[in-house]
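To find a chain, count down the sequence lines: A is the first, B the second, and so on, and within it residues start at 1. The analysis underlying the following values was restricted to heavy atoms, covering all of them including side chains, and did not include hydrogens, waters or symmetry mates.
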2 protein chains.
Amino acid sequence: MSIIYIKKISRGLEQQIKNNVLAIGDKLPSLREFCKIYGTSQTTAIKVYYELESKGLIETRPKSGYFISGSLKRIPALPKTSQPDPESGNILIEDLLEKVYNNPAPINITLAHAVVADELLPIAKLNKGLIQAMRELKGSGTGYGEIQGNEKLRRQIARHTFNMPDLRHEDIITTTGCINAIAYAMMALGKPGDTIAVESPVYFGILQLARSLGLKVLELPTHSQTGIEIDALKQALEANRINLCLLVSNFSNPLGSLMPDEHKKEVVRLIQKYNIPLIEDDIYGDIYFGANRPGTCKAYDESGLVLWCSSVSKTLAPGYRVGWLSPGKFKSEILRLKLFHSIASTNITQEVIANFLETGRYEHHLRKLRNTLHTNSLQYIRAINDYFPDGTKVSRPQGGMVLWVEFDKKIDTIKLYDLAIKKGVSIAPGRLFTLQNQFSHCIRLNYGTPWNDSLDKGLKDLADIAIQLSI
Amino acid sequence: MSIIYIKKISRGLEQQIKNNVLAIGDKLPSLREFCKIYGTSQTTAIKVYYELESKGLIETRPKSGYFISGSLKRIPALPKTSQPDPESGNILIEDLLEKVYNNPAPINITLAHAVVADELLPIAKLNKGLIQAMRELKGSGTGYGEIQGNEKLRRQIARHTFNMPDLRHEDIITTTGCINAIAYAMMALGKPGDTIAVESPVYFGILQLARSLGLKVLELPTHSQTGIEIDALKQALEANRINLCLLVSNFSNPLGSLMPDEHKKEVVRLIQKYNIPLIEDDIYGDIYFGANRPGTCKAYDESGLVLWCSSVSKTLAPGYRVGWLSPGKFKSEILRLKLFHSIASTNITQEVIANFLETGRYEHHLRKLRNTLHTNSLQYIRAINDYFPDGTKVSRPQGGMVLWVEFDKKIDTIKLYDLAIKKGVSIAPGRLFTLQNQFSHCIRLNYGTPWNDSLDKGLKDLADIAIQLSI
């Protein structure tokens, strides 16, 4: 088949995408179907799709096929690598947090959180699981569970993490959500005055927790695609500046960055060399848009220095408060802290999650959730591209549920927040994600709600305000 | 009716008690029934019962009637007021705790915990409540609940505490059990190196928590009936020796002491004078054997210095991990700690408890539970009296579910533990309840399991070992 014919078919598809006949998230014919439709060979089909892929219009999803991923306009640029101050910051963010997350104003469009909408959660199946757990669990879960956590759940977590085959249920301690795991890790490993290295920007919950425990926070340069800059971490370690490290290795909040395997390996090599513990927050790891579940730093760790933390709060049921950590060589310290601070975790919700993992319902649910969130992310990026001021940069998350948007420096996103909330649109200003004077022209947007017209309208309203502010 | 006739009837009843025709916990005829049975006036009936009451053989239970409370033998003496070292102790108890609570030896009779047996919990009703909560709660409780805690639960707690009429739901924060409330309170109010005053003996969980937060622990003399010695607390406050105070005002663990109202009032006056916060652990308050729910220090507090902590872990469902505190003027600090360390509590279990309180099922359950535990306590005391070495002293708890037993000083209760566990009987040695070198001849026994022959046998075995050790 001639190159001309290939270009002809691909231009036709381009036109359909441009006219929204093919919309973001739509599935394209399989290669086999393509051959039937166009009367071509499979090689031609592959070449046509490659042509569209190279223009960023479609994308392959493993085991699912080809999907529309973009419009014909240019894709917005990525934010540059962050350049936080090399000194620890200590600007208070409590008042801003209070304003954003305790605002009594009526909100129609909530883009400020990092959650998945109720309609994307398998609530009916979880409820069935609750009744099953009630029947099967000794005393229906009214008695104290094991201090270390529900054993069935720990076994299932160990089984589920197939890229860490050495992990056993004895290595896992359950907690009240992922942040509780991180809290115990910080309490066990840091003492007041110690310094913890983190990404920048970084989830405000981590900043608040670290500060409340008297830790200094060293924010390090971070790339929106590949995560923390290894050189910066290396220098900080060499200079003996840090006592503890925390990384969101997979789909960091708010950047959505994914540390390449080589970076993970190198980070583990470095922390081992300097004998510095690493808290690995992997709460978003199961929500990947690529071919496979990305690996963890923990998988490379032979020293026991990595404390791997996660939960089902981003994928199943935040209200269940089921999280866990694998504390490496700090097991006895963490177990003691859990015992002292809460004795045990709620038993019945742990059992429900254990059953969900055991029966494969979790994987089944994740497959759907990943597809929906991936499509969502593309829809949101498309809308930002269409509506937001020229020059706006947007992260291209490879998983998770948040976008990081960087406006022109003229735009103060606290002002943007104040004006947007009057229109019922809630966003997270960039200043929440640092203790330094940076990111005041950035926002984080949640794409955990399936696309609809009112979201489109909300983003348009937000764009209009941003354009006003940029004049 | 002549005095002789009264004595005759009462001697008959005495004989029946002696012969175990009337056993501990049995209900006696009501006054009206008594008149019919014996053909006497109600005045005679009252006098007969008074005769038996004054011998400690029967007792009045408010709204329930007269019950057999003791046998004819003498009641064991009460332990003397404790005399801890006036300096802070720092003896490690971790190894002993590990030995007692992680012992792989087979255990038939568990007397080492402070829990109520499953069979005394209203599990079927809680399960019904779980299904109801699943139906009624938005998203079946899968979404994040309020940071401060489920509002319905907070309203019900406020309503339930009728002796603190000023308490509102805004003043309550829910937590992962009572110890988690205490943990947040200690973290908010104490810094490493500060001194916290507590009762002596005191629940080991409080000792461990305080130490893990770097607090020094000052144990103060405590009476087995009336709790902490007010003078000792006053002197410590006057000498500016303490930064923080923690009291189990109602049915302290392990003594079962109940602070008289006047003591509670005086403690609040003192802490207000010296501006020292008081953590009031009221986890046992609902399990009273007297006429009314005892009051709290919190009820006398006008300064906001008292942090009142409790839970349903001792009465309904420890595995639900539902606790709370009313943090007085420290609300914002505690709320922030809860947010930083766990975001929110498990939502659905809170809703179940809220419904339980709302429908009166909690009060209904408590009435039965109190009666059972009261009778249990008398049965256990009777057995100790019958079997244990002469001179053994026993607390006479006015609520709760634990007994404090004081042997002759010759008896080392760690040895007693070692020998008893070989017979399948588990006890809590006294050394667990202090950081000082004291109570090594004491044990704590749980009476949360309804009386049965194998318990009787277990206590007999324990007594035999104690007698051997005392020779």
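Proximity to chain A is limited to the backbone of Ser345(B), based on heavy atoms less than 4.5 angstrom apart. Of the two parts of Met187(B), only the side chain, counted from C-beta on, holds a non-hydrogen atom closer than 4.5 Å to a non-hydrogen atom of chain A. Proximity to chain A is limited to the side chain of Leu121(B), based on heavy atoms less than 4.5 angstrom apart. Heavy atoms of Ile147(B) lying under 4.5 Å from chain A are absent altogether.
For the options Gly205(A), Cys178(A), Gly143(A), heavy-atom pairs under 4.5 Å to chain B are most numerous at Gly143(A). With chain B as the partner, the residue from Ala181(A), Ala344(A), Pro318(A) showing the most heavy-atom pairs under 4.5 Å is Pro318(A). Taking Leu209(A), Thr175(A), Asn347(A), Ile182(A) one by one and counting their heavy-atom pairs under 4.5 Å with chain B, the maximum is reached by Leu209(A). Ranking Val322(B), Thr349(B), Ile343(B), Ile206(B) against chain A, the residue ahead of the rest is Ile343(B), based on heavy-atom pairs under 4.5 Å.
Across Leu316(A) and Thr142(B), no two heavy atoms sit closer than the pair O-CB, 4.5 Å. Residue Tyr320(A) comes nearest to Thr346(B) through the heavy atom pair O-OG1, 3.2 Å, listed as atom of the first residue, atom of the second, then distance. Here the closest heavy-atom approach between residue Ile179(B) and residue Phe340(A) is recorded as CG1-O, 3.3 Å.
Inter-residue side-chain proximity for Leu213(B) and His341(A) is flagged as met; some heavy-atom pair is nearer than 4.5 Å. The shortest distance between side-chain heavy atoms of Arg321(B) and Tyr144(A) falls below 4.5 Å.
Around NZ of Lys191(B), the count of heavy atoms belonging to other residues, nucleotides or ligands within 6.0 Å does not exceed 12. The local environment of NZ in Lys368(B) is sparse, with at most 12 non-hydrogen atoms from other residues, nucleotides or ligands closer than 6.0 Å. For Lys216(B), the NZ atom sits in a loose shell: 12 or fewer heavy atoms of surrounding residues, nucleotides or ligands are nearer than 6.0 Å.
Note: Asn180(A) CG to Lys338(B) NZ = 11.5 Å, rounded to the nearest 0.5 Å.
Between the side chains of Thr176(B) and Ser342(A), no donor-acceptor pair is found at a separation under 3.5 Å.
Inspection of non-hydrogen atoms places Glu94(A), Val115(A) of residues 92-116 of chain A under 4.5 Å from chain B. Interface residues of residues 123-138 of chain B toward chain A, defined by a heavy-atom distance below 4.5 Å and sorted by number: Ile123(B), Leu126(B), Asn127(B), Leu130(B), Ile131(B), Met134(B), Lys138(B).
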